[in-house]
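So that the names make sense, note that chain A is the first sequence line, chain B the second, and so on, each numbered from 1.
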Amino acid sequence: MRMRLFCLAILSLCLPASPILAAEYRSGGKLLLTDGISTVEGAGGGGIASWATIAGQETDAGIGGAAHATLVALPAFTLTALGASIGLRDRVELSYGRQRFDTRAAGAALGLGRGFTFGQDIVGAKLRLVGDAVYDQDRWLPQISVGIQYKRANQDTVVRAVGAAQSRGTDLYVAATKLLLAEGLVLNGTLRWTKANQLGLLGFGGDGRRGRSVQFEGSAAKLLSSRLVVGAEFRSKPDNLRFAREDHAFDLFAAWAIARHLTVTAAYADLGSIATVRRQRGPFLSLRTAF
Amino acid sequence: MILTLALSLALQTPPGEESVAPYARSDANAGATPFPDDRLWRTFGAAPGVARIVDRLVELNQNDPRIADIFKGQDLVRLRRVLKEQFCYILGGGCTYSGRDMKAAHHNMGLQTADMAALVENLQRAMRESGVPFAAQNQLLAKLAPMKRVVVTR
Ligand code: HEM
């Protein structure tokens, strides 16, 4: 008040009391690690579970994005996933993911030929509906988003030959993510309505079950520092194909923000039985950059 | 007349601070319920620890290109004093909070989410430098985080 009166007195010498307003548009502004990493399907989330978080480091005032490269080295197979995503005002996420699943020597045993490679392209969109996973620390309401993933497997003839009904499919999901800051925990639960066989690499629907079913993805993680988080994930999967049982997937992971724009994730993933080859477990390594 | 006015203002305003428009004083202005005991307050190093953290926080904000402009021309003597009270009150240190509520304190600043994140990062750094364990840092941050809803206005 005294300041204001003083200002009135010698108006011409005083600067306005209000601060200089920053530009409306802002890049960055999310707290470290709070945009998660990228799933093998390209969406923002954990490694195998899609979360309600929107990819990129932008806030409600900006545009952000992320890109990732992931390698899952299994005893019989190698999965590589590349992807990129854009986050618009921390509200909408658009993503693209590309997977390659190299059957290596197992390809010959399966009658496909050594090094036969399945692949798929995944185009995704996610919309945040309610909640703020990070700042709403006085409410139970998690951040909730809905998402869609359109997937196109590239081995139409082979996936039909093993019993898949289609080589294209669409997943729909709803995800709830909550940071319990006082406890240092990140929790996520996702319901996915899908008919994808092995994420879609082996097509969609099958001779066992044709249609969609509801599957669950869960993640629980503990913050060890502002740069390091460790946790576990679970993802149930449909079992549509008669020729081979499909198992649920698990992983244990550590994600480390080595710099503001770079996160390295190392995990141990158990994908169970894949295309009759049992016990597919191995290291999962992912590099992610976000802005 | 002018003398008595000046005197009454001086009595209400601690030395080195500018006077502010009158407001109702209440601990509720702190914007969070305090922890039930003083364990966290002691983990933070009690009064000297919190004083060091707040002084460092304000210094970091003043030197942070993302938000430095917002702190220019503000009464940082008062800000330091009431922030220390606020943290003491919330951490269970038994202080009373004499400042304004979070809405009144930040209205017209046009703060954005990114400003809040910058301030949180600076506070994390100040707490870390002061040796506050990570889990204890998060307990204070969990109390402050919901204030974003009133502090951020655009
Ligand atoms: C949880 C978040 C925050 C808390 C707990 C907080 C706390 C406070 C308190 C206690 C005051 C003094 C109130 C009074 O004078 O009576 C204050 C004022 C102020 N705050 Fe914050 N604040 C927060 C977020 C922010 C952010 C994000 C910024 C900008 C980046 C900011 C900038 C300021 C400034 C410049 C003042 C001085 C206002 C004046 O002198 O009129 N605050 N804040």
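Nearest heavy-atom pair, B:Asn138 versus A:Leu181, reported as atom, atom and distance to 0.1 Å: CB-O, 3.2 Å. Between B:Gln139 and A:Ala182, the closest heavy-atom pair is CG-O, 3.8 Å.
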*Is there a side chain to side chain contact (heavy atoms under 4.5 Å, CB included) between B:Met116 and A:Thr59 once you walk through the steps?*
CA-CA 11 Å; B:Met116 179 78 185; A:Thr59 63; over 6 Å; no
*Given the rule in the side chain to side chain contact (heavy atoms under 4.5 Å, CB included) test, do A:Arg26 and B:Asp115 qualify, once you have shown the distances and angles that lead to the verdict?*
CA-CA 10 Å; A:Arg26 289 281 279 269; B:Asp115 300 318; 2.8 Å; yes
*Test salt bridge (Lys or Arg N to Asp or Glu O under 4.0 Å) applied to B:Arg149 and A:Asp136, step by step*: CA-CA 9 Å; B:Arg149 289 198 295 268; A:Asp136 281 352; 2.8 Å; yes
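Put simply, the side chain of B:Arg128 reaches to within 4.5 Å of the side chain of A:Ser226, judged on heavy atoms. B:Glu121 places a side-chain heavy atom less than 4.5 Å from the side chain of A:Arg260. With contacts defined as side-chain heavy-atom distances shorter than 4.5 Å, the pair A:Tyr135/B:Thr113 qualifies. At a threshold of 4.5 Å between non-hydrogen side-chain atoms, the residues A:Gln137 and B:Leu141 do not count as touching. With contacts defined as side-chain heavy-atom distances shorter than 4.5 Å, the pair B:Lys143/A:Asp138 does not qualify. Between B:Phe134 and A:Leu224 the shortest side-chain heavy-atom distance does not fall below 4.5 Å.
Neither the backbone nor the side chain of A:Asp90 comes within contact range of chain B; no heavy atom of the residue lies under 4.5 Å from a heavy atom of that chain. Contacts of B:Met147 with chain A are absent, with no heavy-atom separation under 4.5 Å from either backbone or side chain.
Using non-hydrogen atoms only and a strict 4.5 Å limit, the part of residues 29-49 of chain A facing chain B consists of A:Gly29, A:Lys30, A:Leu31, A:Leu32. When the heavy atoms of residues 283-291 of chain A are compared with those of chain B, none of the residues falls under 4.5 Å.
Between chain B and the residues A:Leu223, A:Leu179, A:Val134, the most heavy-atom pairs under 4.5 angstrom are made by A:Leu223.
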